[in-house]
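Here's the structure we're looking at; comments come further down.
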Amino acid sequence: MIGALLSLTGSVLADDAVTPDPDTVTPGIIGFIVTFLVAIVTVLLIIDMVRRVRRVNYRDQVRQELEAELAAKNAAEGGTDAPENGTDPGVSR
C-alpha cells in the first residue's frame with residue numbers, strides 16, 4: 001500500500017517536472033552586473049587593506065628607528081632619560 005502510494009507520488013511529481021524556461025533560471029544581465037560590481041568592490045577593498053597594512057608597518061618601522069636613535073643618544077650621553085614604557089611621549093600614534 002505504501003509502496004503504491006510512493007510510486008504514485010513519484011510519478012505525479014515526474015509528470016509535473018517540465019524543463020524550466022531558461023530566461024527565468026539564469027541570472028541574466030542583472031546577475032552579471034551584480035557579480036561584476038561585487039568583484040570590483042572586493043578588488044578595491046583588497047587594495048585599500050594592503051595600503052593600510054603597509055602604512056601601519058611603515059609607522060612601526062619609523063617608531064622603532066626613533067626609539068633606537070633615542071636610546072643611542074641617551075646611551076652616548078650617559079643619561080637614563082628613556083621613557084619607562086619604551087615609547088617617546090612626544091611621538092603621537
Side-chain angles (χ1 to χ4, degrees):
M1 174 85 170
I2 293 177
L5 182 61
L6 287 176
S7 66
L8 178 63
T9 305
S11 66
V12 169
L13 290 176
D15 290 340
D16 289 340
V18 293
T19 305
D21 183 19
D23 292 333
T24 60
V25 295
T26 60
I29 190 72
I30 294 174
F32 174 76
I33 291 172
V34 169
T35 304
F36 185 74
L37 290 176
V38 168
I40 294 296
V41 168
T42 303
V43 168
L44 292 175
L45 284 173
I46 290 171
I47 290 171
D48 184 57
M49 180 189 68
V50 168
R51 188 181 65 196
R52 289 174 188 267
V53 168
R54 283 184 184 160
R55 187 181 306 151
V56 168
N57 288 337
Y58 290 147
R59 285 181 181 172
D60 185 53
Q61 182 181 0
V62 168
R63 183 184 54 82
Q64 288 176 356
E65 289 174 2
L66 289 174
E67 287 177 359
E69 288 176 10
L70 183 62
K73 179 181 174 184
N74 286 338
E77 292 176 354
T80 57
D81 294 339
E84 295 177 7
N85 61 0
T87 61
D88 186 8
V91 176
S92 64
R93 292 187 180 185

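The list of side-chain hydrogen bond (donor to acceptor under 3.5 Å, both in side chains) pairs with a residue in residues 39-48, not counting sequence neighbours, reads D48-R51, D48-R52. Residue pairs that meet the salt bridge (charged side-chain N to carboxylate O under 4.0 Å, His left out) test with at least one member in residues 24-36, sequence neighbours left out, do not exist here. Residue pairs satisfying the salt bridge (charged side-chain N to carboxylate O under 4.0 Å, His left out) criterion with at least one member in residues 28-41, sequence neighbours excluded, are absent.
In the hydrophobic clustering (ILVMFWY side chains linked at under 4.5 Å, chained through shared members), V56 stands by itself.
Residues V38 and I46 do not share a hydrophobic cluster, defined by chaining ILVMFWY side chains whose heavy atoms lie under 4.5 Å apart.
In I30, the CD1 atom is not crowded: 12 or fewer heavy atoms of neighbouring residues, nucleotides or ligands sit closer than 6.0 Å.
I40 pairs by the side-chain contact (heavy atoms from CB on, under 4.5 Å) definition with F36, L44, not counting sequence neighbours. Considering only residues two or more places apart in sequence or on other chains, V53 meets the side-chain contact (heavy atoms from CB on, under 4.5 Å) condition with M49, N57.
Across E67, E65, Q61, a single residue satisfies side-chain hydrogen bond (donor to acceptor under 3.5 Å, both in side chains) together with R63, and that is E67.
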